[in-house]
Amino acid sequence: MKLNKSFWWSIAVIVPMFALALIVSCGGDDGDDGGGGQAKWTVMLYGAGNNDLDQANNGTSYIVQDVQDMEKVGSQSGLNMIAMVSKYNGGGNARYYKVEYFPNENPNELSSPELENLGTKDMSDPQTLRNFLNYCKANYPAENYQLIIDDHGAGWPGSCSDELAGAGGLLTLPETREAIATSDLQRVDVLTWHACLMSMAEVAYELRSVCDYMTSCQFTMPMENILGADLWLGWLKDNQGASNEDYAHKVVESVIQRAQFKQKTTHYAMIKMSEMQNLGAALGNFGNILVQEGGAHWNEVLTAWNSTHSTNLDNPTYVDVREFTNQIQAQPNLAASNLINQNAVAVRNALNAAVPFTDTYFHSPDNPVPRGGLNVYIPWQLNQFVPDSVSYSNLQWRSTNWHSFVSTFVRSLGGGQDPTGRCCYNNNADCADNVTQAQCATVTGVWTEGATCAQGCGGQDPTGRCCYNNNADCADNVTQAQCATVAGVWTQGATCAQGCGGGGTDCPMTCEAAGQIALGTIVGCDLQGSRGDAAWLRVPITTGTYHFELATATGNDYDVYTFAPCGTQMDCGSEATGNTEDFTCDFTGQGDLFIAIAIWDGAGSFEFRITQIGIIDQPGAIAVK
């Protein structure tokens with residue numbers, strides 16, 4: 001997401017910016033013993049604000065707003081609250097605060113006393129988190145601890161993107177687990193994510209050894225703060241002797257209560273981490289049984305997956321565990337298998353034990369969908385799974401063997417066998433041909449698709465088609481770097497025989513003159529102009545889920561917006577930084593969708609494609625994959 005990005009249309013439409021907020025929380029104690037003995041609780045907020053969250057609240061910080069909610073209660077006898085807040089607008093500067101009672105703050109202001117100025121910090125560095133935990137343990141010891149990590153989230157890949165000191169990288173789940181486990185705390189009592197997409201089996205399994213309870217959301221969470229920290233901290237102030245389970249339950253109740261008040265659709269659940277070992281084993285066995293017993297009726301496994309619900313708040317590769325097992329048992333041939341039925345029930349029993357409380361609030365016009373408390377990763381395209389397969393296999397979740405089910409599932413959708421290539425390992429002293437990326441990962445090797453050991457472990461860059469001179473010229477078997485020297489559009493593995501998708505033609509530059517395109521066809525044109533100018537396309541669509549792909553020359557930065565009809569912007573588009581865009585959207589009804597390919601930086605030809613990947617089963621934002 002680019003900061004302060006605006007797109008000015010000739011039809012006087014101002015395009016709003018959207019962002020997703022992540023907050024992670026874990027329990028703790030403030031160390032204020034009120035005059036003797038250690039405190040009952042220290043609550044620690046890790047506010048990673050080195051990104052757009054620092055100014056997305058009408059120019060002010062959502063991170064600061066979360067701390068201000070804590071200030072409505074403030075540290076008490078037996079209950080201390082410590083916050084670490086970094087600020088993008090402050091150049092990445094991070095500070096520790098003792099959160100005190102200041103219920104009427106101006107936007108972006110904190111009156112709580114500053115404990116320490118740390119200078120610029122990389123909030124995606126596990127050492128930064130570890131140091132914060134150690135500081136809280138040393139200065140505010142308590143019987144119980146809660147940690148709040150406040151930033152963007154991505155589910156199993158991790159959280160805490162740092163766009164300043166961390167170059168946009170994430171704090172991965174293994175790093176998060178290691179930071180807590182090797183800190184002086186070693187574990188926390190409650191891990192609370194006010195975070196996008198973090199309620200996943202993989203996430204809870206990875207962190208099961210470092211906290212007793214986790215509270216988290218299966219959806220992307222609204223930018224508007226719905227954490228409700230003042231509600232559950234106010235309850236904790238008066239119930240400091242409550243069990244971790246009761247406290248986690250109150251956190252979930254408070255989030256849903258605040259979402260209802262602010263009229264924001266959301267989900268929230270509490271996870272009992274001691275049950276995650278059983279749930280992981282049950283899901284792993286379920287995946288094995290589906291592969292072994294479902295082979296003759298594998299089409300029904302696909303039907304079950306297609307029948308699970310996805311909304312505009314979901315990552316479509318994350319699937320609700322409860323609904324998926326129910327849909328498997330709804331298939332006539334799969335339901336006739338005793339083993340499949342037995343294992344589906346075993347998964348739900350384990351899920352019931354692992355998720356003592358889950359709740360969802362849907363604000364109109366959003367329609368309710370099943371949410372059982374935890375998602376699990378099931379991508380449907382090989383190009384989604386292969387780039388993730390190494391990092392996914394690095395999770396402790398690998399021990400469940402679920403990744404093998406995912407690999408079988410993806411190939412069954414037409415992806416074919418996993419691609420093979422060269423694996424260089426043992427510091428490039430050894431090399432193997434025709435191995436998969438996952439196989440290469442087992443020897444901590446460097447894998448290059450399609451390459452051979454004969455090329456040497458220095459490796460050859462991948463080649464493809466280069467379209468240049470406004471698509472008038474084309475060259476095969478060139479690298480991306482070579483294509484960039486002629487300001488061309490490079491597509492790995494493609495050939496000139498497939499066409500350059502545009503032929504150097506001029507772009508239609510108004511919505512009314514939009515050029516009609518067909519679904520699934522690569523199109524393009526020569527887009528010239530300055531920031532805000534756009535090429536316009538239109539495509540007839542019906543109710544469904546659609547995949548948008550855009551590529552232009554290195555150094556260019558184009559964005560995608562949608563309208564129906566001209567002048568009415570849809571909540572579907574992408575402003576990703578760089579020369580590619582790749583996203584999906586759900587639509588209901590039928591008619592022409594108008595698409596604007598807009599210049600942010602650069603100019604020149606591009607390639608664009610829109611394909612349909614699913615259907616929607618009812619009005620609103622609810623989609624079936």
(message) Is it the case that the side chain of T308 and the backbone of V319 share a donor-acceptor pair, with hydrogens and angles ignored and the cut-off at 3.5 Å?
(response) no
(message) Using side-chain contact (heavy atoms from CB on, under 4.5 Å), reason through N315 and W156 one step at a time and then give a plain yes or no.
(response) CA-CA 11 Å; N315 180 327; W156 69 261; over 6 Å; no
Report all side-chain donor-acceptor pairs from residues 255-262 shorter than 3.5 Å, counting only partners two or more places apart or in another chain.
from, atom 1, to, atom 2, distance (Å)
R258, NH1, D230, OD1, 3.1
R258, NH2, D230, OD1, 3.3
R258, NH2, D230, OD2, 3.1
K262, NZ, E224, OE2, 2.8
K262, NZ, N225, O, 2.7

(request) Dump the intermediate steps for side-chain contact (heavy atoms from CB on, under 4.5 Å) on M70 and L233, then the final yes or no. (result) CA-CA 7 Å; M70 298 173 69; L233 287 172; 3.9 Å; yes
(request) Determine the interplanar angle of the Y392 and Y377 rings, folded into 0 to 90°, and report it as parallel if under 30°, tilted if 30 to 60°, perpendicular if over 60°. (result) tilted
(message) Is there a side-chain contact between K98 and N139 in this structure, where contact means two heavy atoms from C-beta onward sitting under 4.5 Å apart?
(response) no
(request) Please list all pairs passing the salt bridge (charged side-chain N to carboxylate O under 4.0 Å, His left out) test where one or both residues lie in residues 104-119, with sequence neighbours left out. (result) R95-E114
(request) To the nearest 0.5 Å, tell me how far C136 SG sits from M81 CE. (result) 13.0 Å
(message) Going by side chain to side chain donor-acceptor pair (under 3.5 Å), name the residues that satisfy it together with T360, two or more places apart in sequence or in a different chain.
(response) none
(request) Report the residues that fulfil side-chain contact (heavy atoms from CB on, under 4.5 Å) with S399, sequence neighbours left out, ordered by chain and then residue number. (result) Y205
(message) With a 3.5 Å distance limit and no angle check, can you tell me whether T128 reaches the backbone of M123 through a side-chain donor-acceptor pair?
(response) no
(request) Sequence neighbours left out, what passes side chain to side chain donor-acceptor pair (under 3.5 Å) with R322? Give chain and number order. (result) N352
(message) Under 6.0 Å between ring centres: does that hold for Y361 and Y268?
(response) no
(message) Looking only at the side chains, is there a donor atom on one of T358 and R371 sitting less than 3.5 Å from an acceptor on the other?
(response) no
(message) Between Q218 (side chain only) and Y318 (backbone N and O only), is there a donor and an acceptor less than 3.5 Å apart?
(response) no
(message) Can you confirm whether L133 sits close enough to R130 that some side-chain heavy atom of one is under 4.5 Å from a side-chain heavy atom of the other?
(response) no
(message) Within this structure, what is the CG-OG distance for the pair D150 and S159, rounded to the nearest 0.5 Å?
(response) 10.5 Å
(request) Answer yes or no: is there a side-chain heavy-atom contact under 4.5 Å between D320 and N375? (result) yes
(request) Keeping to residues at least two apart or across chains, list the salt bridge (charged side-chain N to carboxylate O under 4.0 Å, His left out) pairs with something in residues 203-219. (result) R177-E206, R187-D212
(message) Rounded at 0.5 Å granularity, tell me how far CD in E575 sits from CH2 in W600.
(response) 8.0 Å
(message) Between E323 and H309 (side chain of the first, backbone of the second, donor and acceptor by atom type, cut-off under 3.5 Å), is there such a pair?
(response) yes
(request) Only counting residues at least two apart or in another chain, list the ones meeting side chain to side chain donor-acceptor pair (under 3.5 Å) with W402. (result) none
(message) Holding to side chain to side chain donor-acceptor pair (under 3.5 Å), I want the full list of residues that pass it with T172, two or more places apart in sequence or in another chain.
(response) E175
(request) Flag the pair W235 / E253 as yes when at least one side-chain heavy-atom distance between them is below 4.5 Å, and no otherwise. (result) no
(request) Output the distance between atom CG (L227) and atom CE (M221), rounded to the nearest 0.5 Å. (result) 7.5 Å
(message) Looking at every heavy atom in both I378 and W305, which two are closest together, and how far apart are they?
(response) O-NE1, 3.4 Å
(request) Using the six-membered ring wherever Trp is involved, compare the ring planes of Y247 and W232 and label them parallel, tilted or perpendicular (cut-offs 30° and 60°). (result) perpendicular
(request) To the nearest 0.5 angstrom, please state how far the CE atom of M198 sits from the CH2 atom of W193. (result) 3.5 Å
(message) A side-chain contact here means heavy atoms from C-beta on lying under 4.5 Å apart; do L283 and F324 qualify?
(response) no
(request) Please indicate whether Y101 has more than 12 foreign heavy atoms, meaning atoms of other residues, nucleotides or ligands, lying under 6.0 Å from its OH. (result) no
(request) Please examine the side chains of F286 and T325, heavy atoms only from C-beta on, and report whether any two atoms are closer than 4.5 Å. (result) yes
(message) Could you work out, with side-chain contact (heavy atoms from CB on, under 4.5 Å) as the rule, every residue matching A354, not counting sequence neighbours?
(response) E275, M276, L279
(request) Output the distance between atom CE (M84) and atom CD1 (I148), rounded to the nearest 0.5 Å. (result) 14.5 Å
(message) According to ring pair (Phe, Tyr, Trp, His ring centres under 6.0 Å), who are the partners of F357, at least two apart in sequence or on a separate chain?
(response) H249
(message) Please give me the minimum heavy-atom distance between L129 and A179, naming the atom from each residue.
(response) CD2-CB, 3.9 Å
(message) I'd like to know if the side chain of S199 reaches the main chain of G373, judged simply by a donor and an acceptor atom lying under 3.5 Å from each other, with no hydrogens or angles considered.
(response) yes
(request) Could you please spell out the steps behind the side-chain hydrogen bond (donor to acceptor under 3.5 Å, both in side chains) verdict for Q127 and N131? (result) CA-CA 6 Å; Q127 186 61 49; N131 289 344; 2.6 Å; yes
(request) Taking T584 for its side chain and H547 for its backbone only, find out whether a donor-acceptor pair lies under 3.5 Å. (result) no
(request) Locate the shortest heavy-atom distance separating S111 from E71; write the atom from each residue and the value. (result) N-OE2, 3.5 Å
(message) Within the 4.5 Å heavy-atom criterion, are L173 and L395 side-chain neighbours or not?
(response) yes
(request) Would you indicate whether the side-chain heavy atoms of Y135 and L115 approach each other to under 4.5 Å? (result) yes
(request) Compare every heavy atom of G153 with every heavy atom of L197, then report the nearest pair and how far apart it is. (result) CD1-O, 4.5 Å
(message) Which residue is it: V188, I180, L191, T176? I am looking for the one with a side-chain contact (heavy atoms from CB on, under 4.5 Å) to V210.
(response) I180
(message) For a quick test of reading the model, state the closest non-hydrogen atom pair linking L45 to F132 and the distance between them.
(response) O-CZ, 3.5 Å
(request) Given side-chain contact (heavy atoms from CB on, under 4.5 Å), test K121 with S86 step by step and report yes or no. (result) CA-CA 8 Å; K121 288 294 178 182; S86 68; 5.9 Å; no
(message) I'd like to know if the side chain of T562 and the backbone of G573 have a donor-acceptor N/O pair within less than 3.5 Å.
(response) no
(message) Holding to side-chain contact (heavy atoms from CB on, under 4.5 Å), I want the full list of residues that pass it with T265, two or more places apart in sequence or in another chain.
(response) F219, L313, F362, H363, D366
(request) Could you tell me whether the SG atom of C196 lies less than 2.5 angstrom from the SG atom of C217? (result) no
(message) On a heavy-atom basis, which atom in T577 and which in D557 lie closest, and how many Å separate them?
(response) CA-OD2, 4.0 Å
(request) Under the side-chain contact (heavy atoms from CB on, under 4.5 Å) rule, collect the residues that match up with D184, sequence neighbours excluded. (result) N134, K137
(request) Carefully, step by step, assess F548 and S574 under the rule side-chain contact (heavy atoms from CB on, under 4.5 Å). (result) CA-CA 9 Å; F548 296 75; S574 177; over 6 Å; no
